[in-house]
Protein chains: 2
Amino acid sequence: MLVVDDEKEIRDAIEIYLKNEGVTVLKAKDGIEALELLNEHPVHLIILDIMMPRLDGISATYKIREKKNIPIIILSAKSEDTDKILGLQVGADDYVTKPFNPMELVARVKSQLRRYVTFGTFEGIKKVIDLNGLTIDQSAKEVTAHGEPVKLTPIEYKIVELLMTNAGRVFSIHEIYERVWKEPCYNAENTVAVHIRKIREKIEIDAKNPRYLKVVWGIGYKMEK
Amino acid sequence: MLVVDDEKEIRDAIEIYLKNEGVTVLKAKDGIEALELLNEHPVHLIILDIMMPRLDGISATYKIREKKNIPIIILSAKSEDTDKILGLQVGADDYVTKPFNPMELVARVKSQLRRYVTFGTFEGIKKVIDLNGLTIDQSAKEVTAHGEPVKLTPIEYKIVELLMTNAGRVFSIHEIYERVWKEPCYNAENTVAVHIRKIREKIEIDAKNPRYLKVVWGIGYKMEK
DNA sequence: AATAATCCTTAAGAATTTCTTAATATTTTT
DNA sequence: AAAAATATTAAGAAATTCTTAAGGATTATT
């Protein structure tokens, strides 16, 4: 994620809020610097101030759009003519006026990311995986075992989804925690174990002798292919 | 395909994106010009700005609907009152707020075309969905439950339409808000919850034990297939 | 233009479901 | 047999959803 603003305080403030959401943040102080960074790093979303030295936000938007089709959120001061922005910017995806509520900015960032992700995986298309009678439907968020629907809690579902979409691969407890909770695993190993137990109760015929969700001693867990 | 907007930049930008998808594009700069073009050429979908000189988008929609039943996608600036659009139920099939994501517009265009093209011929086709006794008629904007017509408010209708046309798929509260209100959901989660409750009161036999509109804990809501 | 009716949003607390923790038990490896 | 990793259980904490009601906004009616 790239934050472009000529004021350091704003860059830093936005960085703090975004990092808090678990995303990597790059910063640039004008359009030129932003374009350079874009060439060098993979970026999934840009927050772009309008008023900047060297290369302003509007021009930068055009240049970015020539190359990449990633979400662009424009920041503009209230005094500037928002209508003009509205009219001009077919290229930007959203805009926020300064002074802005950081939480709102975060909400808009999330919204943009969601939007692109949904269109990427294409709407309404069912992606169903079947592993020896254990199935997952990622659009309906539904899992069935031996033909019967299984009622999983959100965390349980995420763990199963992770393991099933990577069937056969072993995930350490720490990996599972980090990918599901989106934060480092610090003394939470047992939490994962408890969830594994619950999942087994729901998807396995005999939770003590799991056929689907297997442990790999000393390494982690995996879903049998 | 007809694009109607008083700003040349927007007309042209949309044209580029649509042509990229392989469709023929006609352009008009206000409602009157649009109606003229409609008489002269076969058009399968219209993208219509609201704020235009001479004949605005809302009035144009009425006039178009008198003659043709083709998909209409409305464009509106965020500053305008979206509730008004909802409340008016002018007969548009979808709408997008400026500034918009070109990819999203293209996706919505495709979605509309899919909907209408499914049954071969084009005009005046009723698409009725029936899910275990809950039906929706998208052209009449009518919903029935257990044979009885259900009177839904505009927002309620939009939510039901979203869920029914994607039956089985789970939508988070944020997704629902964004797709119905056309803006990011910031502290409006409960608003959705209240609407869900009202809808259940109207379509379910027992709102406490919903058979149609189900919650998926920690994830969202879905309409049972 | 005023009134009535309908609809939307907000807020606050209740009800429900889920998560984590901690203490203990079991299994596997060395 | 000891150490390490995983498994189990239950109870309190936390989070999510549900419900209700009131006030504001909008639309329809008189």
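Protein chains get the first letters and strands the later ones, always in sequence-line order, with residue 1 at the start of each. Reckoned from all heavy atoms, side chains included, excluding hydrogens, waters and symmetry mates.
- At the phosphate of C/dT20, neither OP1 nor OP2 sits under 4.0 Å from any side-chain N or O atom of A/Tyr186.
- Atoms CG (A/Leu152) and P (C/dC19) sit 10 Å apart, rounded to a whole Å.
- In this structure, A/His195 reaches the C/dT20 phosphate: one of its side-chain N or O atoms is under 4.0 Å from OP1 or OP2.
- Between the P atom of D/dT9 and the CG atom of A/Asn190 lies a distance of 13 Å, rounded to the nearest Å.
- Ion pairing of A/Glu204 with A/Arg200 is absent here, as no side-chain N (NZ or NE/NH1/NH2) approaches a carboxylate O to less than 4.0 Å.
- The distance from atom CD of A/Glu189 to atom P of C/dC19 is 18 Å, rounded to the nearest whole Å.
- A sub-4.0 Å separation between OP1 or OP2 of C/dC19 and a side-chain N or O of A/Thr153 is present.
- A distance of 10.5 Å separates CZ in B/Arg54 from CE in B/Met52, rounded to the nearest 0.5 Å.
- Salt-bridge annotation for A/Glu201 and A/Arg197: present, with a side-chain N of the basic residue lying under 4.0 Å from a carboxylate O of the acidic one.
- One atom, CD1 of B/Ile199, and another, C1' of D/dT19, lie 16 Å apart when rounded to the nearest Å.
- Rounding to whole angstrom units, NZ of residue A/Lys182 and P of C/dC19 are separated by 15 Å.
- With distances taken from any side-chain atom of B/Pro154 to the nucleotides C/dC8, C/dA22, D/dC18, the minimum falls on C/dC8.
- Remark: A/Lys151 is not in phosphate contact with C/dT17, judged by side-chain N or O atoms under 4.0 Å from OP1 or OP2.
- Between its opening and closing five pairs, the helix from C/dA1-D/dT30 to C/dT30-D/dA1 changes axis direction by 30°, a value rounded to 10 degrees.
- Checked against a 6.0 Å centroid threshold, the rings of A/Trp181 and A/His195 count as neighbours.
- For D/dT8, the OP1/OP2 oxygens have a side-chain nitrogen or oxygen of A/Arg197 closer than 4.0 Å.
- Between A/Trp217 and A/Ala188, it is A/Ala188 whose nearest contact on DNA chain C lies nearer the 5' terminus.
- DNA chain D is contacted by both A/Gly218 and A/Val194; A/Gly218 maps to the nucleotide lying nearer its 5′ end (nearest heavy atom per residue).
- Among the candidates B/Ile199, B/Ile173, B/Val170, B/Ile159, the single residue satisfying the side-chain contact (heavy atoms from CB on, under 4.5 Å) test with B/Tyr221 is B/Ile173.
- Residue contacts shown for A/Ile155 are limited to sugar-phosphate atoms, with no base heavy atom under 4.0 Å away.
- Taking only side-chain nitrogens and oxygens, A/Trp181 comes nearer than 4.0 Å to OP1 or OP2 of C/dT20.
- Figure legend: cation-pi geometry between A/Arg169 and A/Phe171, with NZ or CZ positioned under 6.0 Å from the six-membered ring centre and within 45° of its axis.
- Checked by atom type, the side-chain pair A/Asp137/A/Ser139 shows a donor-acceptor distance below 3.5 Å.
- In this structure, the nucleotide among D/dT9, C/dT27, D/dC18 sitting nearest to the side chain of A/Glu201 is D/dT9.
- Using a 4.0 Å heavy-atom criterion, one finds that B/Lys198 contacts no nucleic acid atom at all.
- Rounding to whole angstrom units, CG of residue A/Asn209 and P of C/dT27 are separated by 10 Å.
- The interatomic distance linking A/Ile219 (CD1) with D/dA4 (P) rounds to 18 Å, in whole Å.
- Within the 4.0 Å cut-off from OP1 or OP2 of D/dT19, not a single side-chain nitrogen or oxygen of B/Arg200 is found.
- A close approach under 4.0 Å does not occur between any side-chain nitrogen or oxygen of B/Thr191 and OP1 or OP2 of C/dC8.
- The separation between B/Glu156 atom CD and C/dC7 atom C1' is 8 Å, rounded to whole Å.
- Residue B/Tyr157 places none of its side-chain N or O atoms closer than 4.0 Å to OP1 or OP2 of C/dC7.
- Using a 4.0 Å cut-off between a side-chain N of Lys or Arg and a carboxylate O of Asp or Glu, A/Glu15 and A/Lys27 qualify as a salt bridge.
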